[in-house]
Amino acid sequence: MADSSTPPAVVRPKRRKVLVDYLVTFRWIPAIFVALPLSALIYLCIYIGGMLSSMKSEERRRREHEENVKKVVKRLKQRDPKKDGLVCTARKPWVVVGMRNVDYKRARRFEVDLSAFHNILEIDTERMVAKVEPLVSMGQITKVTCPMNLSLAVAPEFDDLTVGGLINSYGISGSSHIYGLFSDTVVAMEVVLADGRVVRATKDNEHSDLFYGMPWSQGTIGFLVSAEIKLIPIKEYMRLTYTPVRGTLKEIAQAYADSFVPSSKDAKVPDFVEGMVYSPSEGVMMTGVYATEEEAKKKGNRINRVGWWFKPWFYQYAETALKRGEFVEYIPTREYYHRHTRSLYWEAKLIIPFGDQFWFRFLLGWLMPPKITLLKITQGEAIRNYYHDNHVIQDVLVPLHKVGDVLEFAQRELEVYPVWLCPHRLYKLPVKAMVQPEAGFEQHLRQGDTAYAQMYTDVGFYYAPGAALRGEEFNGAEAVRKLEQWLISNHGYQAQYAVSELSEKDFWRMFEPSHYDHCRRKYGAVGTFMSNYYKSKKGKKTEKEVREAEAEAEAEAAIVEPNKDADAE
């Protein structure tokens, strides 16, 4: 039962059911009989492709990479600015993991094929760096590094997430309270610019501005064709502690912060942190520490192979701590990394309502999860619009000290549970990047802050709102608009994979444009690549909007050209 101080959810009238409600209710039929079998074939092809790639020598992979980069350069030089559209990748709209509809790809554009960039080029154990191409997935790279007792410093939980998306947009994992966002662990980037030049950007070479400009740019400055990413040593198991928490949302938020911020200088910071809020009054906090196989197999220790297909979905298993009380177990490290993949966090419960039942897990769990690509293809326009109105998939980044506030706001306006909590450092950079800490945070350090980074939290909302589950009216677009305005007022950020209702003015109130604009001008992206807002804007682009975007780009390019040399200085 919720505490009396819990903000009440908005009371809404009942909604009349229409045909699309029934299509959504029985969506499990195409999911099981179409999406799951085809997903299995795709996963098999990916597995075989990964095996073939690993059999190639590093020299061969390097040569193939260089040839593919030349093809990208050649394709860019084929573009005629007077008749061809603005540049984007040739990836189909439904292939992207994010929930945005990639509406800019439903209008005229000039496509460049990057599909060949899916190889791990090198694992350098001396420099502790992995050099990879942008379409390398997290599942692909952990399969290679974990047997070596190595891992990316930040290894996001979803198998299908790719390096390019995690750098050009954002990426996070349970280790981000130590290492920051995924882009913060990048050592170098290889980028193809609008004019066909290929440059290597690091934080301290002549292209350092490009290095800081690429994250969150959504590929609108240049094409990322490889990245060198920090590796860390790991151990075979994760020693995971599940701690139940009860109280108000503010109290849950404080218990979450206390779970990973050391109470003293001698206290150990956990290697991994994650929180899940199951209701306005209950949550479970999880902290993990790497452990050796020898330790995990000591008498009395419990090992949980969460990666087995018949195992309970992780979020439901973690919830048992509310009844069991605090407990500790050991999980194989790679299985822990991908603990949310099979259930798509908890979205799979909406797609296949009985997917969490033992009989389904035992018989068909090995086919899970369905590829998001196939779910998009099989949903159709009506279901897609239904989800915009009656479903929430949003990640928002907020200062740690405001987690309680955003949970209370979400209880009033969204009423979506479970809520995912994952802390991350937001570093103070030498440039005004698109995402940056609160101004002057270092002058009044709060819990988790340091002089060089402010502690933030990714708050994830992925489910149908309580109103929709009760059959009440719910305006998803309006709820997202309110959430976006709250973020702007509280120095928060919206993940760019999600559906956005921001106007262009509000988009650049949320994100800092100065350094991004500088990089767009200096590296010739204006007039060639789409702008960040144009890619983020919801809705199919009309021919008029396409022409206006192109005309605006041409006008800006004309202004930029005389000043390019001066700007480069």
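Basis for what follows: all heavy atoms, side chains included, without hydrogens, waters or symmetry-related copies. The first residue of the sequence shown is numbered 1, and numbering continues consecutively from there.
- Judged by distance alone, the side chains of Q218 and N532 do bring a donor and an acceptor atom under 3.5 Å apart.
- A 4.5 Å side-chain heavy-atom check between T528 and R79 finds at least one atom pair inside the cut-off.
- Of the N and O atoms on the side chains of S173 and Y179, not one donor lies less than 3.5 Å from an acceptor on the other residue.
- Between S137 and L161 there is no side-chain heavy-atom pair separated by less than 4.5 Å.
- Remark: aromatic rings of H491 and Y493 are close, center separation under 6.0 Å.
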Worked verdict on E133 versus N68 for side chain to side chain donor-acceptor pair (under 3.5 Å) | CA-CA 11 Å; E133 293 181 321; N68 289 327; 4.9 Å; no
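- A cation-pi arrangement is found for R75 relative to F110, the charged atom lying closer than 6.0 Å to the ring centre and inside a 45° cone about the ring normal.
- In this structure, the ring of Y278 has its center no less than 6.0 angstrom from the ring center of Y315.
- H515 and D209 share no side-chain donor-acceptor pair at under 3.5 Å.
- In this structure, the side chains of Y462 and L344 stay at 4.5 Å or more apart for every pair of heavy atoms.
- Residues Y337 and F272 place their aromatic rings such that the two centres sit under 6.0 Å apart.
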Can D195 and Y523 be said to form a side chain to side chain donor-acceptor pair (under 3.5 Å), step by step?
-> CA-CA 8 Å; D195 60 4; Y523 292 102; over 6 Å; no
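- Within the 4.5 Å cutoff, no side-chain heavy atoms of P13 are placed close to those of E472.
- No close placement of the Y463 and W420 rings is indicated, their centers lying 6.0 Å or farther apart.
- Between Y533 and F511, the ring center distance fails the sub-6.0 Å criterion.
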